Amino acid sequence: MRAREGAVLLVGLFLVALPLFGTDFFVGSIMTRVLMLGLVASSLVFLSSQGGMVSLANWLVFGVAGFAVGNMVATSGRGLKLGWAPWPSMVVALVICTALAWVIGSLSAKTTEIYFLMLTLTFAVIGFFFFGQVTTFSGFGGMTGIDPPAFFDDHPIRLYYGALACSALAYLSFRAIERSPFGLALQGVRDEPIRMASLGFDVPRLRTFAFTFAGFFAGLAGVLNIWWNGQIDPTSIGIGPTLDLLIIAVIGGIMHLEGAWLGAFIFVGANVYLREIPGLGSIGGFVQERVLAQERFNTVIGLLLLLIMVASPDGASGVLARIHSAIRPNASAKRRAITIDPTGGYK
Amino acid sequence: MAIDTETLRDHGAGSGTPPAVLELDGVSVQFGGLVVVSAVGLELGRGERLALLGPNGAGKTTMFNVIAGDVRPTRGRVRIRGVDCTELPSRVRPGLGVARTYQRTRLMAGLSVQDNLYLAQLGKSGVRHRSLVRRAIDGERRDRAQAIAERLALGHELGTAVGELSHGQQRQLEIGMALVTEPDLLLLDEPASGLSRGERERLTETLLELPADVTLLLIEHDMEVAMAVADRVVVLAQGGLIFNGTPSEVRSDPLVQEIYLGRSGGDGRATAGS
């Protein structure tokens, strides 16, 4: 077993055992959120690392899952109020998200780089205004009181395990794809789409399929999130949170699948624990009851991002890879040969 | 649009006498007011080896891209093995037995040599739904990739990321990507570009060892390589075809010498555009 698989297995076992010794707040609040954010970030890291597609629409798919479940499950308040049971609603929400990802993917698949980024951002903005302005489905006030299935509601720790199981499923699926013929073709498209077309590959179709696949997992995270949170509003799928997802992926390492969850851990950890540091909230004359307000959190996470990007362009997982390289130089030589340099070779 | 290349092959094969491997019929390419290729007609039979020569800007690569499906002609038709490919995208060509290389190396730099050669074969056969779950370690394709890599002196680099290879090795792999698909029509765009003398000699040997039924269309500025490999030469100038003959005839043709080799050239070592 290689070091990477060994480390992931150890972390996995630790996470399985975590509820035995972790506090309810740490497990049920922090780590459940880390796993859900890691899950949706992994869909972005998969697209980016294997397909060369840095998408800003994954968070929209995540949000649509929440709105879909909310509309189907809620019996009062805003939205359709269909009053369906949670489990069938989950299935329908996943179908909607996967179909939406296919539509966005097929419309964006013929563009690359900055054009792809901008097109997916456009979809994200459309989604924000759609749910804000179409009161049939939500309105800017959002939806509240969305109950999870009784299975999760009775025992909140089960939602943690649900998020862990979905994360494991996503991780194993994305890793399996990496070495499958489809995954190799996708990586070929990432490196040389023109060559891949001349070799006989339908490049837009490959990209669309990858986007759809990623959309399924983004939707899965969205369903878990609405069960955990019980509410959703259009602001939560606005440009700010959309960029937060990109920040999570970059902090963790956008070319490393594990980086998705590592980035989510750093992001959520900073969000929760840095708020408690006295004095940080008063930086720049903004006194917010001696705790870190959202405005200062953005500053801190921005500085953290800057620090990580300067120290390690391939994120926190890149730092771990370097530590491993320092310990085992032979393995590092091999790793260099298979890792894309996000700086493009400029030092 | 789903295109069944098997049906295209059958269609081409079912028309009586074997069609030419490649037919260009009055092909013109115009970008705005600029005519890059002007009414070029060309026919290549099975096993023919044709060198396409011409000074820089003559329209060679544009014509090459028309054949490969990367550029759609403004007028005229392109037929490959009897199938009209004029409107068909480049991805259909491998299914018709066409393989091409690029003037500027276009390889999947983040993947290994073996994976590049594997993808070239996978592209020809098509990605099916089972490709999602089947492991990439596909014996037959891996073996063929290894055989081609060894033939091109890349056998010891199979696991190396292509971005780590030297320029010469990448050019060799560029050829390998085409050869591994066992093409009927091989399109090579300046394969000797940037190669050392030894590498050019190895390239010439590789091309001379091609199976007799492989049809070759070669753009090459290195006359030594072009004349050694080709049994027919066409010369393009300002988008038009000005010469069609044997390598020995092209050396003595005054018009070609004047516009291409230069009057003092013709020693077989001149390079176009120089």
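What you see is a predicted model, and the numbers here were worked out from it, not measured in a lab. Naming: A, B, ... by sequence-line order, numbering from 1 per chain.
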Over all atoms of both residues, closest heavy-atom pair of Leu184(A) and Leu111(B): O-CD1, 3.8 Å

Pair Arg195(A)-Glu174(B), side chain to side chain contact (heavy atoms under 4.5 Å, CB included): steps then yes or no: CA-CA 10 Å; Arg195(A) 181 55 175 264; Glu174(B) 186 76 30; 2.4 Å; yes

Electrostatic pair Asp191(A):Arg106(B) at N-O distance under 4.0 angstrom: no

Within-4.5 Å side-chain heavy-atom neighbours: Glu192(A) and Asn116(B): no

Under 4.5 Å from a heavy atom of chain A, the part of Ala120(B) involved: both

Inter-residue atom distance Ser198(A).OG - Arg93(B).CZ, 0.5 Å rounding: 11.0 Å

Derivation and outcome, side chain to side chain contact (heavy atoms under 4.5 Å, CB included), residues Leu199(A) and Lys124(B): CA-CA 6 Å; Leu199(A) 288 176; Lys124(B) 188 178 180 183; over 6 Å; no

Trace of the side chain to side chain contact (heavy atoms under 4.5 Å, CB included) decision for Arg190(A) with Met108(B): CA-CA 8 Å; Arg190(A) 171 198 67 198; Met108(B) 283 60 89; over 6 Å; no

